[in-house]
Amino acid sequence: MQEALKEAQKAFCEEEVPVGAVIVHQGKIIARGHNQVERLKDPTAHAEIIAITSAANYLGTKWLNEASLYVTIEPCSMCAGALVLARIKNLYFGASDPKTGASGSVINIVNHKKLNHHIKVTKGILQAECSFLLKDFFKKKRKESKK
């Protein structure tokens, strides 16, 4: 999760919502991503999506069934759906997202009983650090908007 936090810090420095992700396969980080929505002008350029694309390219396959994703915040519905489609084995996330979280907070796409793939989820890893970065970012944005 420390490496995902480093990716989130990159996003923070680029004035993107500070979310970072890494994908691990056979004990090795094979992909990294951080939010690039503003830079790319692409609402799908979330950290998880960028990492999934990179991991699939690295492995040369659409299935990531032996890989684990570490991400600083609970995935949204788009990202959770992509994780299911990529058949990620494990999801580890830091902060829960009570507004848009799709891995148990608002809805649970990653383990929906009608879907053909389920992901083992572990939440709350470095939760304080992950939450602080997000809170700090939005506090800064609110302060800037008042100027």
Side-chain angles (χ1 to χ4, degrees), residues 1-138 140-141:
M1 190 61 76
Q2 289 290 349
E3 293 300 314
L5 274 166
K6 288 178 186 176
E7 290 296 316
Q9 187 63 51
K10 288 179 188 176
F12 186 97
C13 292
E14 294 171 9
E15 298 191 21
E16 298 275 359
V17 174
V19 177
V22 296
I23 294 180
V24 175
H25 182 261
Q26 296 179 346
K28 176 183 172 191
I29 295 174
I30 62 165
R32 297 172 179 271
H34 61 275
N35 276 4
Q36 297 181 44
V37 172
E38 300 300 328
R39 178 173 24 161
L40 298 176
K41 307 291 186 252
D42 179 356
T44 70
H46 289 196
E48 300 96 321
I49 301 297
I50 291 167
I52 289 167
T53 301
S54 180
N57 286 332
Y58 178 87
L59 294 174
T61 181
K62 63 184 177 181
W63 305 131
L64 303 176
N65 53 349
E66 292 302 318
S68 298
L69 174 79
Y70 293 79
V71 63
T72 55
I73 192 168
E74 180 180 1
C76 69
S77 57
M78 174 184 68
C79 294
L83 294 172
V84 170
L85 292 173
R87 298 186 182 175
I88 287 279
K89 184 176 185 175
N90 301 296
L91 166 62
Y92 301 94
F93 68 84
S96 293
D97 186 347
K99 293 183 180 178
T100 63
S103 301
S105 289
V106 176
I107 57 175
N108 194 349
I109 291 174
V110 297
N111 283 307
H112 193 282
K113 63 184 176 183
K114 291 189 177 182
L115 295 177
N116 67 344
H117 180 73
H118 300 102
I119 300 169
K120 182 179 179 202
V121 177
T122 304
K123 62 182 179 176
I125 300 172
L126 299 180
Q127 181 176 351
E129 294 90 332
C130 294
S131 294
F132 176 79
L133 193 57
L134 287 159
K135 287 176 184 174
D136 195 36
F137 175 81
F138 287 111
K140 178 182 165 196
K141 286 294 182 191

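Numbering starts at 1 and runs along the sequence shown. Note that these values count all heavy atoms, side chains included, but never hydrogens, waters or copies made by symmetry. These numbers were taken from a predicted model, which means no experiment stands behind them.
Listed by first and then second residue, the salt bridge (charged side-chain N to carboxylate O under 4.0 Å, His left out) pairs that reach into residues 99-119 come to none, sequence neighbours excluded. Residue pairs satisfying the side chain to side chain donor-acceptor pair (under 3.5 Å) criterion with at least one member in residues 43-63, sequence neighbours excluded, are listed as follows: Lys28-Tyr58, Asp42-Thr44. A salt bridge (charged side-chain N to carboxylate O under 4.0 Å, His left out) check over residues 116-133, counting only residues at least two apart or in different chains, returns nothing. Residues in residues 5-27 take part in these ring pair (Phe, Tyr, Trp, His ring centres under 6.0 Å) pairs, two or more places apart or across chains: Phe12-Phe137. Residue pairs meeting the ring pair (Phe, Tyr, Trp, His ring centres under 6.0 Å) criterion with at least one partner in residues 92-125, sequence neighbours excluded, are Tyr70-Tyr92.
Under the rule for a side-chain hydrogen bond (donor to acceptor under 3.5 Å, both in side chains), Arg87 has no partner lying at least two apart in sequence or in another chain. The side chain to side chain contact (heavy atoms under 4.5 Å, CB included) check on Ala47 picks up Val19, Ala21, Asn35, with sequence neighbours excluded. Checked against side-chain hydrogen bond (donor to acceptor under 3.5 Å, both in side chains), Ser105 has the following partners two or more places apart in sequence or in another chain: Glu74. Scanning for side-chain hydrogen bond (donor to acceptor under 3.5 Å, both in side chains) contacts around Asn111 gives an empty result, with sequence neighbours left out. Remark: Glu38 pairs with no residue by the side-chain hydrogen bond (donor to acceptor under 3.5 Å, both in side chains) rule, at least two apart or across chains. With sequence neighbours left out, Glu15 forms a salt bridge (Lys or Arg N to Asp or Glu O under 4.0 Å) with Lys141. With sequence neighbours left out, Gln26 forms a side chain to side chain contact (heavy atoms under 4.5 Å, CB included) with no residue at all.
The only option from Glu14, Gln9, Lys6, Glu16 that meets the side chain to side chain donor-acceptor pair (under 3.5 Å) definition with His34 turns out to be Glu14.
The shortest non-hydrogen separation linking Leu115 to Ile109 is CD1-O, 3.3 Å.
Ser77 places no side-chain N or O within 3.5 Å of a backbone atom of Ala102 that could act as its donor or acceptor partner.
Note: Ile52 CD1 to Leu83 CG = 4.5 Å, rounded to the nearest 0.5 Å.
Taking the side chain as every heavy atom from C-beta outward, Val110 and Pro75 never approach each other to under 4.5 Å. Residues Val106 and Thr100 form no side-chain contact, since every pair of their non-hydrogen atoms from C-beta on lies 4.5 Å or further apart. Under the 4.5 Å side-chain criterion, counting only non-hydrogen atoms from C-beta, Val37 is not in contact with Val17.
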